[in-house]
Amino acid sequence: MGSLKEACAVSGVGETAYTRGTDKHPTQLQMEASLKAIDDAGLSPKDIDGVIPYLGGSAVAEEFITNFGIEDLRFSAATPMGGASCVAAIQAAALAVAGGVANHVLIPIGRNGFSGPRIGTRVRNFPQFKVVGEFEMPSGAIAPAQLYAPMARKHMELYGTTSRQFAEIAVTMRDHALLNDNATMTKPITIEDHQNSRMISDPLRLFDCSQESDGGAAIVVSSSERARDMRRTPIYVMGVAEGHPDSPSTIAQRPDLTTLGVAKAAPIAFGMAGLGPEDMDVAEIYDCFTYIVLCQLEDLGFCKKGEGGAFVEGGRLSLKGALPTNTHGGLLSQAHLVGMNHVIELVKQLRGDGGKAQVPDAEIGLVTGYGDMGDGSLAIMRR
Amino acid sequence: MIENQEDRLLPEPDQISQPFWDGLHQHRLLLQTCSDCGAVRHYPRPVCDQCYSMDYSWTEASGRGTVHSWTVSHHAFHFSFKKDLPMVLALIDLEEGVRLNCRLTGIEPENLRAGLQVQVKFDDVTDAVTLPIIAPLTK
């Protein structure tokens, strides 16, 4: 059987300004980011022959054909996995270029998360939330904070994990955002600030929750063969996988609340890359909530199940720590671009374009996605 | 799921789930039981994931269970729940082996713990719709 190892590389990245408030439509935002990514790759928009739009975004493949004058779009797909979509789309792009179906696949996202309907309203229209919509939302369990909180509570009950350990994650993400000129959060926070932030859905406090943002972000994934001769240093995808948790449509019926879909993706992606967690110089881990970072660290194998709380203590995830994580500030403190900002940050780090948050000599790193009721995705990249 | 005139969130049953909601309306908690292997499943769906049979019947659950996990919500993500805050949402392990995720009332949040014995009650939220609601077990 073939392998997707180094079948593709990220050849271009593009971002708009990330804001809390915009006059721009999500389609404008993703077209702006897409044009930047295509330019970064040294391509013309007409060169794009594959596109994987974000399901839940505003634009479908046809609009990219129309806006970019693409004469022969040969590949389009969707990866409807919420926050796991962007990294899962890299797997789909890898398959497309490895199979010779396409050469340059655009993966765009654009949203009015702040200026448009908020999450509690949006999820009611997601097809992936249909089961929760019928059986849980009428009782008041509507938003991700309310649906995920029992997972965090279970972890605390089983392993003694504490809210202060969640706070370590929130504070580190904020510290990193302060180094980033394109981050929406600009004031430092302390563990005490986290502990004093208002309760949203116990045990998740305000500072455990990511924010709503407006913006666009996009990448171009090209075959490795072509990427070698393109404008920027190719960032090769060494391993990539998606994983779905048990009972993927509802957390309520999941036998083990403390294991996410990425636990299934991790051995596949690490195996493909021929690497392990210990080889990572930098990690960009989907952080819709602090607890979700902690749980993924366990599921990825950075520590054993139940040890995530102790693992994140002492600044381990900070730039000076053993595993610099979410060096851009993450969804918690940079902006919520559904994790495409995590993909782009990993590419920047491996190119050496990490700015004030650059991890010295970062050569290999990983990025995860997490979405809906626990879908996961993971990509391991190198320069 | 739809919003009624009072903008309450209401379920939108389909052919598969309608008997579950009809049961609740009669204050009975009905669960799908596979006609071939006897496995109980929830939420309602067409196929038994144990034996792939599509034949099933509806059997009445005891309504007894234990708390598996929970959250105390202090933020209403739909305005119709603002009057209920803070509200406890709990995952309940039913004796039949499946779970519910619904409101838990009649206990102070600080007394919540995993394994707490509970029972299902019925909340007639409209003339047509009844939701399950959980309360501590009374002997």
Side-chain angles (χ1 to χ4, degrees), chain A residues 117-127 129-158 197-206 208-209 212 246-258 289 291 373, chain B residues 1-4 8-14 16-17 20-21 41-45 49 67-82 84-93 97-104 109-110 112-115 123 125-126 129-134:
Chain A
R118 297 299 178 85
I119 185 70
T121 303
R122 292 199 302 272
V123 291
R124 284 153 46 197
N125 299 318
F126 289 175
F129 278 63
K130 179 181 177 294
V131 168
V132 169
E134 179 171 356
F135 298 101
E136 302 180 14
M137 289 187 193
S139 291
I142 299 164
Q146 296 170 302
L147 300 169
Y148 302 169
M151 300 195 291
R153 172 57 59 193
K154 194 68 183 175
H155 202 279
M156 296 167 97
E157 290 272 309
L158 287 173
S197 67
R198 71 187 169 94
M199 195 65 86
I200 301 297
S201 202
D202 183 276
L204 301 176
R205 295 179 175 278
L206 181 67
D208 290 306
C209 304
E212 299 277 24
D246 298 338
S247 182
S249 298
T250 168
I251 293 160
Q253 306 297 342
R254 186 164 304 152
D256 175 6
L257 291 192
T258 64
F289 297 90
Y291 166 74
M373 302 308 154
Chain B
M1 190 193 48
I2 51 175
E3 296 185 8
N4 71 355
R8 179 185 273 281
L9 300 178
L10 294 176
E12 266 184 297
D14 58 23
I16 304 291
S17 63
F20 171 74
W21 292 107
R41 63 183 188 260
H42 196 53
Y43 303 127
R45 56 181 181 265
D49 69 341
V67 171
H68 187 82
S69 192
W70 68 92
T71 182
V72 186
S73 223
H74 294 258
H75 187 91
F77 287 88
H78 187 267
F79 67 87
S80 63
F81 295 102
K82 279 183 181 170
D84 301 320
L85 298 178
M87 66 178 180
V88 178
L89 295 160
L91 307 191
I92 305 302
D93 286 313
V98 298
R99 295 202 195 112
L100 296 177
N101 181 8
C102 57
R103 293 276 302 281
L104 192 161
E110 57 268 27
L112 284 164
R113 55 182 169 76
D123 185 11
V125 295
T126 70
V129 176
T130 302
L131 297 177
I133 193 165
I134 302 296

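Each chain gets a letter, A, B and so on, in the order the sequences are listed, and its residues count up from 1.
- Proximity to chain B (any heavy atom under 4.5 Å) is restricted, for A:Glu157, to the side chain, taken from C-beta onward.
- Ranked by heavy-atom pairs under 4.5 Å with chain B, the first of A:Lys154, A:Glu136, A:Arg153, A:Gln253 is A:Gln253.
- Neither the backbone nor the side chain of A:Leu204 comes within contact range of chain B, judged by heavy atoms closer than 4.5 Å.
- Note that the NE2 atom of B:His78 and the OG1 atom of A:Thr121 stand 7.5 Å from one another [nearest 0.5 Å].
- Only the side chain of A:Ala145 comes within less than 4.5 Å of a heavy atom in chain B; its backbone stays farther off.
- Comparing A:Gln146, A:Lys130, A:Met199 by how many heavy-atom pairs each has under 4.5 Å with chain B, the most go to A:Gln146.
- Comparing A:Pro255, A:Ala252, A:Gly120 by heavy-atom pairs within less than 4.5 Å of chain B, the highest count is held by A:Ala252.
- Neither the backbone nor the side chain of B:Pro86 comes within contact range of chain A; no heavy atoms are under 4.5 Å apart.
- Using a 4.5 Å cut-off on side-chain heavy atoms (C-beta onward), A:Phe135 and B:Cys102 make no contact.
- Side-chain contact between B:Asn101 and A:Ile251 is absent, with no heavy atoms from C-beta onward closer than 4.5 Å.
- Taking 4.5 Å as the limit, every side-chain heavy atom of A:Ser201 sits out of range of all side-chain heavy atoms of B:His74.
- The main-chain N or O of A:Glu134 is never found under 3.5 Å from a side-chain atom of B:Glu12 such that the two would form a donor-acceptor pair.
- When B:Met87, B:Arg113, B:His42, B:Arg45 are compared by the number of non-hydrogen pairs under 4.5 Å with chain A, B:His42 comes out ahead.
- The backbone N or O of A:Asp202 lies less than 3.5 Å from a partner atom in the side chain of B:Thr71, making a donor-acceptor pair.
- Between the side chain of B:Ser69 and the main chain of A:Pro150, a donor-acceptor pair closer than 3.5 Å is present.
- In this structure, chain B has a heavy atom under 4.5 Å from the side chain of A:Arg198, while its backbone stays farther away.
- Inter-residue side-chain proximity for A:Arg124 and B:Leu9 is flagged as met; some heavy-atom pair is nearer than 4.5 Å.
- Of all the heavy atoms in B:Arg99 and A:Arg254, the pair that sits closest is NH1-O, 2.6 Å.
- Proximity to chain B (any heavy atom under 4.5 Å) is shown, for A:Ile200, by both the backbone and the side chain.
- To the nearest 0.5 Å, atom OG of residue A:Ser139 and atom CD1 of residue B:Ile134 are 9.0 Å apart.
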